[in-house]
Structure formats: structure tokens, C-alpha cells
Amino acid sequence: LAFRKQTNYGCIDWASRTIFLRPNQSNAELVDTIVHETRHVADGTGEGYDEGLERQIERGSAGATAALLRLNLIVGEDD
């Protein structure tokens with residue numbers, strides 16, 4: 001993981017095997033972004049992927065995972 005100035009919340013550089021995150025996100029946004037981008041890594045989606053399948057995988061796991069992470073990481077934050 002690394003931070004860099006960009007318009008996307010997060011993106012993957014497959015060549016360097018790095019997830020780049022936009023700075024100045026709230027903790028809740030960072031959790032959502034990290035979960036979302038790691039789903040791309042887990043299912044190997046990059047250029048030329050099936051967007052419908054990727055969205056099904058991401059939606060099926062990201063919401064529950066993000067909620068669990070928030071319970072542990074963001075207790076008391078007013079996001």
C-alpha cells in the first residue's frame with residue numbers, strides 16, 4: 001500500500017504489485033477502498049476483466065468485511 005495524489009480512491013499498479021490510495025480520505029473511505037482494491041487482487045481482475053463478475057465478487061464480500069473492520073478500526077469516529 002502507498003499513498004499518491006490521484007482522483008480515484010484507489011488503484012492497483014499490477015507491474016509494481018502496489019495498491020495506491022488517494023491521500024486525505026476518511027478512515028471509513030480508506031477501509032472501503034482497501035477492501036475494494038484487495039478484492040481486485042484476490043480475483044486477479046485487471047485490464048480486460050469481466051466487470052459484472054468483479055462487481056458480484058466485490059459486493060458479496062466488501063460490505064460485510066468493511067463493516068467488520070469499521071467495528072475494530074473506527075469506533076467513535078463521526079464519519
Side-chain angles (χ1 to χ4, degrees):
L1 293 173
F3 288 96
R4 76 173 178 192
K5 186 176 179 180
Q6 59 188 27
T7 57
N8 293 336
Y9 286 94
C11 66
I12 299 170
D13 180 329
W14 293 95
S16 68
R17 300 174 66 176
T18 304
I19 296 173
F20 289 102
L21 303 169
R22 185 179 73 199
N24 301 320
Q25 294 183 57
S26 70
N27 285 348
E29 289 170 331
L30 280 173
V31 168
D32 288 343
T33 303
I34 291 168
V35 169
H36 177 89
E37 296 302 327
T38 55
R39 291 305 308 155
H40 287 299
V41 173
D43 62 27
T45 58
E47 295 299 319
Y49 69 92
D50 179 337
E51 185 174 347
L53 175 61
E54 188 274 332
R55 291 291 172 217
Q56 289 175 342
I57 293 169
E58 191 269 330
R59 286 184 181 142
S61 61
T65 305
L68 291 170
L69 288 171
R70 282 192 191 113
L71 289 173
N72 289 311
L73 297 176
I74 309 176
V75 174
E77 183 175 321
D78 293 327
D79 266 345

Notebook entry, point to check: Which residues satisfy the side chain to side chain contact (heavy atoms under 4.5 Å, CB included) test with Asn8, sequence neighbours excluded?
Noted result: Gln6, Cys11
Check: Measuring from Glu37:CD to Leu21:CG, what's the distance to the nearest 0.5 Å?
Finding: 7.5 Å
Notebook entry, point to check: Roughly how far, to the nearest 0.5 Å, is the CG atom of Leu30 from the CZ atom of Arg22?
Noted result: 9.5 Å
Notebook entry, point to check: Residues two or more places apart in sequence or in another chain: which of them pass side chain to side chain donor-acceptor pair (under 3.5 Å) with Thr33?
Noted result: Gln25
Check: Could you state the interatomic distance from CG (Asp32) to CG (Asn27), rounded to the nearest 0.5 Å?
Finding: 11.0 Å
Notebook entry, point to check: Under the side chain to side chain contact (heavy atoms under 4.5 Å, CB included) test, which residues partner Ser16, sequence neighbours left out?
Noted result: Asp13, Thr18, Phe20
Check: Is it the case that one hydrophobic cluster holds both Tyr9 and Ile19, taking links as side-chain heavy atoms less than 4.5 Å apart, direct or via other members?
Finding: no
